[in-house]
Amino acid sequence: MNKVGFFRSIQLKFIIIYILLLILAVQVIGSFFTDRLEEDLSETFKASVNERVEMLSYNLEQAFARERSEEEPNLEQEIQAIIDDVNTENLATTIHVYDGQSRILGTNQIDGQSEVGRKSTDIDVKNTILFDQPRKNTYFDRQTDSRVYVHVEPLIGNEGLAVGAIQFKASLEEVYDQIEEINNIFLQGSILAISISAILGILVARTITKPIKEMREQALIMSNGDFTQKLDVYGQDEIGQLAETFNDLNSRLKHSYATIEEERRKLSSVLSYMSDGVIATDQTGSVTLMNDAAARMIGANPDDVIGDDLIDVLNLEEKIVDISKLPDSGSMIIDFSDEETPFIIRANFSTVVDEEEEVTGFITVISDVTEQEKIEQERRDFVSNVSHELRTPLTTMKSYLEALSDGAWENKEIAPRFLEVTQKETDRMIRMVNDLLQLSKMDSDELPMHKERTEFVSYVHQVLDRYEMNLPETITLERNIPKGKSHVWMDRDKITQVFDNIITNAFKYSPEGGKVRVNLDVRRHMTIVSIQDEGMGIPYDKLEKIFDRFYRADRARTRKFGGTGLGLAITKELVEAHHGKIWAQSKEGRGTTILFTLPLMGSKRGKGK
């Protein structure tokens, strides 16, 4: 945030408002003072003039009423003497005395003596003599460019009629000059007062704006997440209370920020370490947050997809166009599989609403359900395979039994063959059911294990000796077993079943004159058993599937030999139950090798432990 200049600051606004209010007050006071001063001075001046006029009119009336002898001065001389006795400090003051015919009988103007005897044309003088009423008016004299006060007073004779008039004309400029001088003094005083007030206003404004400026700086500091500093409280006025409130707000924000930061760290940790992916978007569907799990699942950098549309991120263009319809679908299976690796995720959608139930965003939780879908598909395949495997012998048995029921039982040649086939199919179904029961117990960890310390080399010889006693004439069993002793913690019956399943398959798929090789490799911590045949082999792309339930590389030959398709699946479960591993190696036309490992025991482990 930029620093506020002085000419844009609230401090200057305070000063300007303060000075304007002071000027307005001075102007109002000055106007009122000037008007009252002008009124008082004018009234005083006019009252002074009126008093003089009254005094002169009295003396002049006596002069008009007096009877004179020839030795005494005449009326004009006496009137002039009376006028000359009047002390007029204002040189602009003019006094004229008129008779009843409006002729000038006397004047105080030295250069106006020539006018004595002339008849006046002044309308105020004529009206005063005619109506016996005094006239008081203020005029602007254009000749002298000044304002004058004119008082015309009638001179009343013995009969009560006007015998003449006196005109007293006095300039008001002295009054206005005095007013102007007083106004100048007042103006100077006002300027001095405004200057001093402006300085005081600056100081006062600083006392007001300084806490506000500190609050602004503190707000900037708080906006950066620093809540350690406090404001200074300069008083208990409104600004002081505001500062205290601001400090209290700072403390509350500090606590709230710490709480939010803690929750944010918790949420960040949860999002970082949770196995499910989380994607948050705004109300338009633009991605605002993505955790690492989601990024790994969709194979994108979280920073690169911020702002992208959720539909594009999850490749939903063909399924959903409008982002607002996502929550209505609840959950959705999205296939990210490629040619080499299967990868399926489940996306669950939900909305984020505010207090007014307005949608402000969307939350998408994605999880890897590849294994679940694989297990579900295996379950479906398992049910399908079981149904198919049971349907074939049941259909065969039904056909043969129907034939026997229709009379074939009486035929001594056909009936035994039909019964033999029915017996074989029944035995095959029993073996299949037993294998299924065994797999079910292993899946639920209910298959009992009776493990014991077993010397493995001699044990393998015992197993192979048993096979050599019943070995087919067309098959050769070759053993490559080292000397010495190696002990394995195992269930002899279960490992014997492993050997039986693998060796039996090797005998079945070996051609006439073929050879089955059994190799034993004893290493530091484990023993490796490999059983190799010379059969048709297994294609490379099907090699990992031979341990799946009901999988058969060659279904026709497997049925011919009476297999259930569960032998190797049981073998894998039994080996893994002994903490070993099993795998296959094969090339088409060159036979197959089944290898499995079993961990060796330490020499200090006791028997039966």
Side-chain angles (χ1 to χ4, degrees), residues 1 222-225 253 256-384 541-542 544-545 548:
M1 186 179 293
M222 292 168 58
S223 65
N224 294 325
L253 285 177
S256 299
Y257 184 82
T259 303
I260 294 173
E261 186 65 18
E262 182 181 357
E263 295 298 327
R264 187 193 67 79
R265 287 195 296 268
K266 290 180 180 178
L267 178 60
S268 178
S269 299
V270 170
L271 291 177
S272 299
Y273 292 104
M274 66 185 301
S275 58
D276 291 338
V278 177
I279 304 175
T281 66
D282 58 15
Q283 64 272 19
T284 63
S286 298
V287 176
T288 58
L289 182 144
M290 176 185 291
N291 67 345
D292 294 337
R296 289 193 297 270
M297 288 183 191
I298 65 175
N301 190 330
D303 297 331
D304 295 339
V305 300
I306 299 299
D308 293 348
D309 193 86
L310 178 64
I311 293 178
D312 296 332
V313 173
L314 296 180
N315 298 328
L316 299 177
E317 296 89 345
E318 299 180 356
K319 298 181 179 181
I320 293 178
V321 177
D322 190 358
I323 184 66
S324 62
K325 295 181 180 179
L326 282 175
D328 297 336
S329 61
S331 63
M332 181 182 300
I333 297 297
I334 306 173
D335 191 355
F336 279 87
S337 303
D338 53 25
E339 295 180 356
E340 298 180 356
T341 306
F343 184 56
I344 300 173
I345 66 173
R346 180 185 299 275
N348 295 288
F349 306 100
S350 62
T351 57
V352 180
V353 297
D354 55 15
E355 296 178 353
E356 298 178 357
E357 299 299 325
E358 294 291 334
V359 176
T360 59
F362 302 91
I363 297 294
T364 304
V365 179
I366 59 177
S367 54
D368 184 359
V369 294
T370 304
E371 290 298 326
Q372 298 178 12
E373 291 295 318
K374 182 179 178 181
I375 293 173
E376 183 64 21
Q377 183 62 39
E378 290 178 352
R379 184 189 64 81
R380 291 191 291 267
D381 294 342
F382 178 77
V383 173
S384 175
D541 58 338
K542 298 179 180 179
E544 295 182 356
K545 298 180 180 180
D548 294 344

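With sequence neighbours excluded, the residues satisfying side chain to side chain contact (heavy atoms under 4.5 Å, CB included) with Arg264 are Glu261. Taking Asn224 as the reference, nothing meets the side chain to side chain contact (heavy atoms under 4.5 Å, CB included) condition, with sequence neighbours excluded. Contacts of Glu262 classified as salt bridge (charged side-chain N to carboxylate O under 4.0 Å, His left out), with partners at least two apart in sequence or in another chain: Lys266. By the side-chain hydrogen bond (donor to acceptor under 3.5 Å, both in side chains) test, Asp368 pairs with Thr370, sequence neighbours left out. For Ala258, there are no side chain to side chain contact (heavy atoms under 4.5 Å, CB included) partners, not counting sequence neighbours. Take Asn301 and apply the side chain to side chain contact (heavy atoms under 4.5 Å, CB included) test, not counting sequence neighbours, and it matches Asp303, Asp304.
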Inset, instruction - Show the numbers, then the answer: is there a side-chain contact (heavy atoms from CB on, under 4.5 Å) between Thr281 and Thr364? - result: CA-CA 8 Å; Thr281 66; Thr364 304; 5.6 Å; no
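In plain terms, the two heavy atoms of Gly277 and Met297 that are nearest each other are N-CE, 3.8 Å. Val359 and Gln283 get closest at one heavy-atom pair: O-CB, 3.7 Å. In terms of heavy atoms, Ala295 sits closest to Pro302 at CB-CG, 3.5 Å. Taking each heavy atom of Val305 and Val287 in turn, the nearest pair found is O-CB, 3.5 Å.
For Asn291 (side chain) and Val278 (main-chain N/O), a donor-acceptor pair under 3.5 Å exists by modelled atom type. For the pair Ser367 (side chain) and Asp276 (backbone), a donor-acceptor distance under 3.5 Å is absent.
If you take CD1 on Ile306 and OG1 on Thr288, they are separated by 6.5 Å, rounding to the nearest 0.5 Å. The CG atom of Asp309 sits 6.0 Å away from atom OG of Ser286, with the distance rounded to the nearest 0.5 Å. Between atom CG of residue Leu289 and atom CD1 of residue Ile363 there is a gap of 7.5 Å, rounded to the nearest 0.5 Å.
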